[in-house]
Amino acid sequence: MRQSGEGDPTSGAEEAARAGEAERSEGRGRRRGVSEELAANMRQGWADTERHDIEPLPQAAHTARRRAALSARFPGERLVIPAGNLLVRANDTHHPFRACSDYVYLTGDQTEDAVLVLEPGEDGGHRSTAYLLPRSDREDGEFWLSACGELWDGRRAGLTENERLLGLPCADVRNLAAALAEATGPVRVLRGHDAGIEKALRDKVTAATDEELRVFLSEMRRVKDAFEIGELRKAVDSTVRGFEDVVKVLDKAGATSERYVEGTFFLRARVEGNDVGYSTIAAAGPHATTLHWIRNDGDVRPGDLLLLDAGVETHSLYTADVTRTLPVSGTFSPLQRTVYDAVHDAQQAGIAAVRPGARFRDFHEAAQRVLAERLLAWGLLGERTLEQVLELGLQRRWTLHGTGHMLGLDVHDCAAARTETYADGVLEPGVVLTVEPGLYFQADDLTVPEEYRGIGIRIEDDILVTEDGNENLSAALPRRSDEVESWMAALRA
Ligand code: GLY
Ligand code: MN
Ligand code: MN
């Protein structure tokens with residue numbers, strides 16, 4: 001599978017066959033210089049490590065229900081959802097692999113090259129199979145002579161082991177592209193993750209029908225089930241500890257750079273979770289006004305603010321997305337406090353607007369209204385009325401972005417959902433979203449007094465919509481300016 005998806009425009013079946021041949025040739029290539037004695041020696045003397053104690057993943061019951069919902073939406077059609085392939089960094093080194101979120105959502109599995117196929121049955125339902133790389137063959141030397149041999153990459157769960165783990169039938173993925181190329185009947189594929197699989201299916205699918213699959217999967221993920229909410233709680237709790245770690249070492253960050261902040265948080269993410277859920281934004285001083293500041297190579301100076309936007313991704317791949325803006329010295333200056341308190345008040349108004357039955361837009365509009373009021377009060381928007389400002393959107397020069405988004409397996413979760421179900425949609429229990437207003441005065445903004453320039457503030461929390469309102473999952477991190485100060489002082493004492 002690692003060779004597929006490149007090269008000439010042959011048919012999918014030929015392509016798949018060529019991929020297999022390339023794999024075998026590589027084995028032969030490595031085999032050059034290997035004596036028959038060594039090859040024979042490597043074939044034997046290995047213990048049977050088959051595991052018989054495997055329990056199903058905790059999310060297995062949930063993934064079965066999700067596949068059933070997907071099956072019901074597309075009766076009679078073959079559905080192909082790939083996990084994705086390794087991305088080459090250079091030569092034989094790769095970027096860390098992160099499986100496609102929709103594949104993870106439907107299987108719980110996270111391995112590269114895997115593919116979930118829902119095969120339509122006579123009864124109108126589907127039979128699901130996870131196609132995976134099997135254990136490496138010892139007999140033909142694949143385990144030590146092939147690019148994806150277990151000796152190099154580590155032991156994989158075998159197909160039988162995976163059947164127990166995932167709770168669904170598993171099969172060898174290496175023949176799948178060829179089989180899909182030969183198969184007949186309506187089919188849809190989730191695009192953008194496995195070029196080899198897409199190539200095998202290219203004469204059988206259309207962009208429009210594939211897009212319907214992508215949209216449906218995104219919309220399925222809007223309302224989180226009990227397992228997902230539990231994982232998001234874990235992600236947030238680890239993230240809270242990561243923020244505490246950063247506060248404890250802010251003095252050292254001052255001696256180095258924003259990278260110290262990023263690295264400190266990353267340690268927590270790797271020790272307690274899988275990774276960070278997105279590139280950490282560690283933005284000190286005027287860098288806080290750059291929304292996607294991920295270079296993180298600036299100084300952390302006393303007197304400046306540090307905007308830290310970071311989230312731990314759990315082992316099951318759910319991520320938190322939290323921002324705090326902290327005074328590096330431990331105390332806000334009067335102007336920093338004024339701007340911070342405005343953002344905090346806006347966030348309070350936004351969070352108060354999150355409840356079942358409210359429109360997704362409501363919390364954004366509530367937060368924007370507070371920010372526009374303050375900007376008017378500070379004389380930054382001339383003599384206009386509040387309604388004029390909001391009508392013209394003039395506050396947006398400094399508020400810049402939307403006030404929040406769905407959160408889950410992806411930091412910007414459910415991104416393929418239709419406008420009517422997302423931006424124009426209505427909140428219901430189980431939705432998890434961020435509320436994250438901000439004010440950003442660019443260092444070169446001549447329309448604001450000089451003392452405002454270079455101040456950037458965002459406060460971001462992860463909010464679960466409950467039956468009767470909401471729960472702030474990240475409430476353990478203080479938000480009010482005076483509480484932030486005392487929390488920092490206690491951690492640094
Ligand atoms: N960290 C990305 C965001 O807040 O949306
Ligand atoms: Mn966010
Ligand atoms: Mn964020």
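This chain uses plain numbering: 1 for the first residue, then up along the sequence. Order of appearance sets the numbers: ligands from 1, and atoms from 1 within every ligand. Note that the structure is predicted; figures quoted are calculated from it, not measured.
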Show me, by chain and number, every protein residue that has a heavy-atom distance under 4.0 Å to ligand 1. Tyr278, Asp309, Asp321, His405, His412, Glu436, Glu460
Flag the pair Asp424 and Arg359 as a salt bridge only when some basic side-chain nitrogen lies within less than 4.0 angstrom of an acidic carboxylate oxygen. no
In plain terms, say whether Asp461 and Arg324 are close enough for a salt bridge, that is, a side-chain N and a carboxylate O under 4.0 Å apart. yes
Is Arg458 paired with Asp309 through a side-chain N to carboxylate O contact shorter than 4.0 Å? yes
For this output row, return yes or no: ring centroids of His412 and Tyr278 closer than 6.0 angstrom. no
Would you call Asp445 and Arg453 a salt bridge, taking side-chain N to carboxylate O under 4.0 Å as the test? no
Charged N-O contact under 4.0 Å between Arg222 and Glu219: no
Counting no waters, what protein N/O/S atoms lie under 2.8 Å from the Mn ion (ligand 2)? Asp321 OD2, His405 NE2, Glu436 OE2, Glu460 OE2
Tell me whether the rings of His287 and Trp293 are parallel (<30°), tilted (30 to 60°) or perpendicular (>60°). parallel
Between Tyr340 and His344, what is the ring plane arrangement, given parallel below 30°, perpendicular above 60°, and tilted in between? parallel
Electrostatic pair Arg480-Asp345, nearest N-O below 4.0 angstrom: no
